[in-house]
A.B. asks: 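Sharing a structure below in structure tokens format, with a few things to ask.
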2 protein chains.
Amino acid sequence: MTSQAADGPETVAATRRSKITPEREQEFFDAVLEQVRACGYDSVTMEGVAASTRCSKATLYRQWKTKPQFVAAALRASRQSRFDGIDSGSLADDLREAARAAGAWSAKDTRLFQALGHAVMEDPELKKALREALIDPEIDALRQILRRGVERGEVAADNPALEYIPAQIFGVLRARPVLEGEDADPEYIVRFVEAAVLPTLGLTET
Amino acid sequence: MTSQAADGPETVAATRRSKITPEREQEFFDAVLEQVRACGYDSVTMEGVAASTRCSKATLYRQWKTKPQFVAAALRASRQSRFDGIDSGSLADDLREAARAAGAWSAKDTRLFQALGHAVMEDPELKKALREALIDPEIDALRQILRRGVERGEVAADNPALEYIPAQIFGVLRARPVLEGEDADPEYIVRFVEAAVLPTLGLTET
DNA sequence: GCGTTTCGGTACGCCGACGTATCGATGAGT
DNA sequence: ACTCATCGATACGTCGGCGTACCGAAACGC
């Protein structure tokens, strides 16, 4: 009965009226992820997030039961593939474009990944959220790009280098800050793809 | 006077007589690093280490002022290059052997690295110790291997793929557990080197 | 406009870990 | 054999963050 709920965010939920707008919620998410990137997961305090968003700690706990659930929700909200819409018809160009996009997000993503590295050991929900936010979308998109290149016949399906490309790109993105102390900016990653990835696929430039 | 100290570990240090033998100390170091690998840095407790080594918490604090200093000391003690003695005269064989060695240590090293990822944000000494224990020795050794290959003329000095090889290997070692959920065992890494690294150097097998 | 719900602010209890202090026991050096 | 520093054990103080409870105030539904 009374199933005639016009168009609320929740179809049912009769008396649900949180004053937290989606924009406000996103502020919370942005704040907590920023703190995580800055100080690491364990150093983030609910009090700190509340202060930086000028809300009450109680307000945060009304929306999310615990701190890991809060962070996991923030991760899920930030889920987005950096590779969407890449489909130029050329595998080499697609890989270059993916490299550019990955490099553009590398600084933020790497810090987040590094900061959560240990926290996901203890909370499976956090681990799943991190995978779904930062890893799976990009890896899947990258595999799509490669698959299309194979289907177009640009590279042999049994090229042994194919299976390592996602791990290579992901790995180099995360490795450069550690080894050289500076972020893997787009120029670096594009150059890496051109120097070390395309050749193994037989996609050498003219 | 009485400068005739035969062959103690400390030449002077008149009344220094700690009962902690070097072997015992190494037990402490092994225990704390094992706990770090298992639960992450912040979850490690001095009490837990003391319990697992059947020593007193006070004993640990007598040797090391604080927990980060203790962990840093453990890291420094574990410093060792996994690539020592690799010099077969063939760059391809050297890289294969380095890959085998890196793969053999990958599981332990990656867990340690991941677990300390956030802790090094806050403690510079810890960061330095981690670099000197897990990163610099292997990267330096790898660069040596590559340099010798260049000097022997096996690969051109201006090959653009050269500069990315350390980051590639380090990155793939750390990336596979994340992407595929299993450690980068030696077989995997050797196959990676053969499929994706050697070709970029023009070292294709017959 | 009025009631009710949620908001921001804050004070509180709780717990766990750090790091210190104390105490008998033990083992090394003379 | 004697002495004394160090050992293992444990109890304690301290601190900080989690999560809860309570308060006036503001905003939404009717």
A.B. asks: To the nearest Å, how far apart are B:Asp42 CG and D:dG16 C1'?
C.D. replies: 13 Å
A.B. asks: Within the pair A:Arg62 and C:dT6, is there a side-chain N or O less than 4.0 Å away from OP1 or OP2?
C.D. replies: no
A.B. asks: Identify whether any heavy atom of A:Ala50 sits under 4.0 Å from a base atom; if not, whether one sits that close to sugar-phosphate; answer base, sugar-phosphate or nothing.
C.D. replies: nothing
A.B. asks: Is the base of C:dT10 touched by the side chain of A:Lys57 through a donor-acceptor pair closer than 3.5 angstrom?
C.D. replies: no
A.B. asks: Verify the distance criterion only: is there a donor paired with an acceptor across the side chains of A:Asp183 and A:Ser106 at less than 3.5 Å?
C.D. replies: no
A.B. asks: For C:dC7 and A:Gln63 - does any side-chain N or O of the residue sit under 4.0 Å from the phosphate oxygens OP1/OP2?
C.D. replies: yes
A.B. asks: Starting at CD of A:Glu47 and ending at C1' of C:dA11, how long is that distance when rounded to a whole Å?
C.D. replies: 11 Å
A.B. asks: What is the ring orientation for B:Phe113 with B:Phe170, classed by angle as parallel under 30°, tilted 30 to 60°, or perpendicular over 60°?
C.D. replies: perpendicular
A.B. asks: How long is the line joining CG of A:Leu60 and C1' of C:dG9, in whole Å?
C.D. replies: 13 Å
A.B. asks: Is there a donor in the side chain of A:Glu122 and an acceptor in the side chain of B:Ser43, or the other way round, less than 3.5 Å apart?
C.D. replies: yes
A.B. asks: Are A:Ser56 and C:dG9 close enough that a side-chain N or O sits under 4.0 Å from OP1 or OP2?
C.D. replies: no
A.B. asks: Think B:Lys67 has a side-chain N or O under 4.0 angstrom from the OP1 or OP2 of C:dC18?
C.D. replies: yes
A.B. asks: Would you mind telling me which of B:Arg24, B:Lys19, B:Glu23 makes a side-chain hydrogen bond (donor to acceptor under 3.5 Å, both in side chains) with B:Thr21?
C.D. replies: B:Glu23
A.B. asks: Roughly how many Å is it from CG in B:Asp123 to P in C:dC18, rounded to a whole number?
C.D. replies: 14 Å
A.B. asks: Side chain of B:Ile20 only, heavy atoms from C-beta on: which candidate in C:dG8, D:dC7, C:dG19 is closest?
C.D. replies: D:dC7
A.B. asks: How long is the line joining OH of A:Tyr61 and C1' of C:dG8, in whole Å?
C.D. replies: 16 Å
A.B. asks: Expressed as a whole number of angstroms, how long is the span from B:Lys19:NZ to D:dG8:P?
C.D. replies: 9 Å
A.B. asks: From CD of B:Glu122 over to P of D:dG16, roughly how many Å is that when rounded to an integer?
C.D. replies: 14 Å
A.B. asks: What is the distance, to the nearest angstrom, from the CD atom on B:Gln69 to the P atom on C:dC18?
C.D. replies: 14 Å
A.B. asks: When you compare the side chains of B:Asp30 and B:Gln26, does any donor N or O come within less than 3.5 Å of an acceptor on the partner?
C.D. replies: yes
A.B. asks: Select from A:Met46 and A:Ala58 the residue whose nearest nucleotide in DNA chain D is closer to the 5' end of that strand.
C.D. replies: A:Met46
A.B. asks: Using a cut-off of strictly less than 4.0 Å, decide whether B:Thr45 has a side-chain nitrogen or oxygen near OP1 or OP2 of C:dA17.
C.D. replies: no
